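For reference, the structure is listed below as structure tokens.
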Amino acid sequence: MKRNKIYGYLSYLDSFFHSTLFLIVCLLIGAWGFIWHHELVAMSFMIVFCSLILLTSEDISPTTLPFALMTMIPIAITSNVTQDFVKLAWLAVLFVPCFILHFVLFPPKKTMKKGYFFWSMVVYSIALMIGGIGSIALKDYFKINALYYVLMLGVGMLLAYLWYNNSIPTTHKSIDYFARVMSFICLMSVIMWTSEYIKALPSMKDGFYILYRGWKNNIASMSLLTFAFPFYLATKRKFGLPYFLLGVLGFAAIVISSSRGAMIAGIICFPLIVIATIYFLPTKKRIAYCAVIALVIVTAGAFIIKELDYFIEKIEEWLAMGGRGREDLYAEAWKNFLANPIFGAGIGYDNPVLHGIWGHAMDMFWYHSTFFQIVGSMGLVGVVAYLFQMGARLRIMLRKNAFSILAFGSFLAFEGYAMINVGDFEPLPFMLLMTLMMTMCEKQMLLNQKEKIDASYDKMVAHDYQRVMDEMSAKLK
């Protein structure tokens with residue numbers, strides 16, 4: 001009897017963690033922690049949530065929002081972040097046992113699904129691990145920072161993919177839940193920028209100006225990775241306008257972030273995402289949503305005209321800034337590639353002289369570009385591995401369904417920005433979210449394939465039934 005009650009409570013918690021109410025609770029705590037600077041308390045809640053989810057659910061997708069918020073909430077802390085995070089170490093007493101118990105309560109299946117992306121991720125992992133062969137010193141290869149990035153980007157993401165693929169059910173409900181989670185992450189980005197602009201209103205009495213925050217690139221990357229998913233939900237809901245407007249606000253958050261590369265990527269991909277959304281909407285809703293977009297364009301246009309002098313001045317300022325030292329990093333990557341074209345210089349390569357470009361030491365030598373990071377660190381082997389992985393991703397995403405196409409919109413925006421930023425080489429949170437996104441695109445593909453098979457079977461049964469009925473009717477005559 002007691003055991004049944006315990007299972008009942010666990011089942012109730014599992015249902016709660018898969019609900020929109022849980023997402024709202026997480027968002028409210030996250031926003032409170034960021035706006036009123038209670039970061040550590042808010043993060044403590046997120047760790048507790050993740051621990052309980054591991055204890056109550058085989059499906060680990062509900063951990064996505066609290067984990068993402070843990071990387072966003074403390075982003076504005078200007079003190080020694082490491083010292084602050086040490087204060088949360090006591091929560092390991094809760095998290096570690098729950099993590100271990102998860103595999104006791106929900107043991108891995110004897111025959112695990114490798115999944116569509118398995119081999120492309122294995123190839124990429126190998127390319128990361130052999131990067132720098134023939135040029136990098138052993139002490140640099142085995143540096144803690146280098147090993148973290150090599151193992152997390154390669155083996156870590158491969159293990160995460162296997163875990164996601166085997167624990168998350170292949171159902172439309174799972175797809176919908178993931179889209180809601182990504183929409184709430186997008187909403188958190190909007191809340192963060194909205195709160196910053198509200199605080200700055202007194203200083204804008206003489207005119208609007210774009211705020212600069214040191215965390216702009218990270219939050220812009222998060223927005224690019226998530227802002228297409230509210231548009232997907234708009235195509236699936238009876239009343240999807242709030243989601244549609246959230247997608248528009250997500251784009252607005254990218255534009256006002258003062259992250260130039262993210263802005264360009266967003267401006268290029270936003271129209272494509274909107275066009276795809278309109279295409280997948282029911283015909284009777286298309287005119288209404290086109291009217292909303294027209295209203296948004298007119299409103300934005302009026303604001304830009306009002307502040308035209310400022311925007312012209314800002315664009316000129318951005319153009320004058322150039323690459324802010326990126327050219328030197330790209331030149332360094334090319335030099336390392338020419339010195340070792342097959343394997344590159346390795347993830348552990350370092351040149352302290354160039355750290356001064358950013359005014360602080362880098363935990364990894366960032367070339368600030370996916371392309372240059374690959375050729376400089378992994379050489380031609382890395383290029384081939386990246387293209388192999390990219391081909392696998394595109395083959396899954398470029399399919400005629402709303403989820404895959406709109407996920408591709410966010411993917412394209414994120415990857416476009418990553419060509420001049422570090423997103424593709426940040427394991428947490430970006431590559432983990434990317435891995436989950438690819439897993440869900442694969443599950444959407446499998447659902448579509450199953451539906452086609454079921455439809456073909458139903459058609460065949462109906463045809464056979466009609467044939468039998470015709471034969472019986474002929475005999476009766």
Side-chain angles (χ1 to χ4, degrees), residues 23-24 26-39 42-43 46 65 68-78 181-205 207-231 242-270 273-274 296-297 299-300 302-304 306-307 310-311 314-315 317-318 409-410 413-414 416-417 421-423 426 429-430 433:
L23 302 181
I24 293 171
C26 285
L27 181 72
L28 290 175
I29 294 173
W32 168 77
F34 173 81
I35 296 170
W36 282 281
H37 298 292
H38 298 293
E39 294 91 351
M43 291 175 70
M46 301 305 150
L65 181 61
L69 292 177
M70 272 195 288
T71 68
M72 299 171 78
I73 294 166
I75 206 161
I77 294 178
T78 55
V181 167
M182 296 296 267
S183 298
F184 271 79
I185 296 172
C186 177
L187 180 54
M188 181 62 180
S189 301
V190 172
I191 290 171
M192 290 172 72
W193 277 115
T194 302
S195 69
E196 292 300 298
Y197 274 90
I198 289 173
K199 291 174 186 175
L201 279 177
S203 65
M204 292 188 183
K205 290 178 181 178
F208 173 82
Y209 63 90
I210 294 176
L211 296 176
Y212 178 90
R213 294 291 182 267
W215 41 265
K216 62 186 176 66
N217 289 344
N218 286 337
I219 296 303
S221 293
M222 193 69 90
S223 297
L224 289 170
L225 198 54
T226 58
F227 83 118
F229 291 95
F231 289 105
Y243 287 105
F244 190 86
L245 293 175
L246 173 56
V248 173
L249 289 174
F251 169 66
I254 295 165
V255 173
I256 63 169
S257 69
S258 79
S259 177
R260 294 172 296 162
M263 189 187 305
I264 292 168
I267 289 171
I268 292 171
C269 293
F270 178 69
I273 289 170
V274 170
V296 169
I297 291 171
T299 304
F303 179 73
I304 290 170
K306 179 178 177 292
E307 304 288 345
Y310 169 75
F311 284 115
K314 194 66 180 176
I315 290 169
E317 178 189 327
W318 283 339
S410 261
F414 179 84
Y417 181 40
N421 201 44
V422 301
E426 281 284 10
F430 302 124
L433 281 175

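Because the structure is predicted, anything quoted here is derived from the model rather than measured.
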**Q.** Tyr417 vs Ile264 side-chain heavy atoms within contact, under 4.5 Å
**A.** no
Q.
For a 4.5 angstrom cut-off between non-hydrogen side-chain atoms, does Val181 reach Phe229?
A. no
Q.
Minimum heavy-atom separation for Met46 and Cys26, please, with both atom names.
A. CE-O, 3.4 Å
Q) If you round to the nearest 0.5 Å, how far is CZ of Phe251 from CD1 of Ile267? A) 5.0 Å
Q. To the nearest 0.5 Å, what is the distance between OG1 (Thr194) and CD1 (Ile35)?
A. 8.5 Å
Q. Run the side chain to side chain contact (heavy atoms under 4.5 Å, CB included) check on Ile24 and Phe184 step by step: do they pass?
A. CA-CA 8 Å; Ile24 293 171; Phe184 271 79; 3.8 Å; yes
Q: Could you walk me through whether Ser195 and Phe34 pass the side chain to side chain contact (heavy atoms under 4.5 Å, CB included) test, one step at a time?
A: CA-CA 9 Å; Ser195 69; Phe34 173 81; 3.6 Å; yes
Q.
To the closest 0.5 Å, what do you measure between CZ (Phe208) and CZ (Phe303)?
A. 4.5 Å
Q: Grab the two heavy atoms, one from Asn421 and one from Ser221, that are nearest each other, plus how far apart they are.
A: ND2-OG, 3.8 Å
Q) Minimum heavy-atom separation for Leu187 to Leu246, with atom names? A) CD1-CD1, 3.8 Å
Q. Which atoms form the tightest heavy-atom contact between Ala220 and Ser257, and what is the distance?
A. CB-OG, 4.0 Å
(Q) Using only atom types and a distance under 3.5 Å, with no angle test, would you say the side chain of Tyr197 pairs donor to acceptor with the backbone of Ile256? (A) yes
Q) Any donor-acceptor pair under 3.5 Å linking the side chain of Ser410 with the backbone of Leu224? A) yes
Q: Identify the heavy atoms of Met72 and Met192 that sit nearest to each other, and give their distance.
A: O-CE, 3.6 Å
Q | Counterpart residues, side-chain hydrogen bond (donor to acceptor under 3.5 Å, both in side chains), relative to His37 (two or more places apart) | A | Glu39
Q: Could you check if a side-chain atom of Ser223 sits within less than 4.5 angstrom of a side-chain atom of Trp193, using non-hydrogen atoms only?
A: no
Q. Do side-chain atoms of Ser258 reach the backbone of Leu211 as a donor and acceptor pair under 3.5 angstrom?
A. yes
Q. How about His38 and Trp32: do any of their side-chain heavy atoms sit closer than 4.5 Å?
A. yes
(Q) Rounded to the nearest 0.5 Å, what separates atom OG1 in Thr299 from atom CD1 in Ile304? (A) 11.0 Å
Q) Do Leu23 and Leu27 come close enough that some side-chain heavy atom pair is under 4.5 Å? A) no
Q) Once you round to the nearest 0.5 Å, how far does CD1 of Ile210 lie from CE of Met263? A) 5.0 Å
Q. Would Thr71 and Ile75 satisfy side chain to side chain contact (heavy atoms under 4.5 Å, CB included), going step by step from the backbone distance to the final call?
A. CA-CA 7 Å; Thr71 68; Ile75 206 161; over 6 Å; no
Q | Selection residues 184-198 - residue pairs positive for salt bridge (charged side-chain N to carboxylate O under 4.0 Å, His left out), sequence neighbours left out | A | Glu196-Lys199, Glu196-Arg213
Q | Nearest heavy atoms of Gly33 and Ala42, plus distance in Å | A | CA-CB, 3.8 Å
Q.
Quick check: Phe231 with Phe244 (ring centres under 6.0 Å apart)?
A. yes
Q: Determine, step by step, whether Ile185 and Leu433 satisfy the side chain to side chain contact (heavy atoms under 4.5 Å, CB included) criterion, reporting the C-alpha distance in whole Å, the side-chain angles of both residues, the deciding distance to 0.1 Å, and the verdict.
A: CA-CA 11 Å; Ile185 296 172; Leu433 281 175; 4.3 Å; yes
Q) Just how far is it from atom CZ of Phe270 to atom CD1 of Ile268, taken to the nearest 0.5 Å? A) 14.0 Å
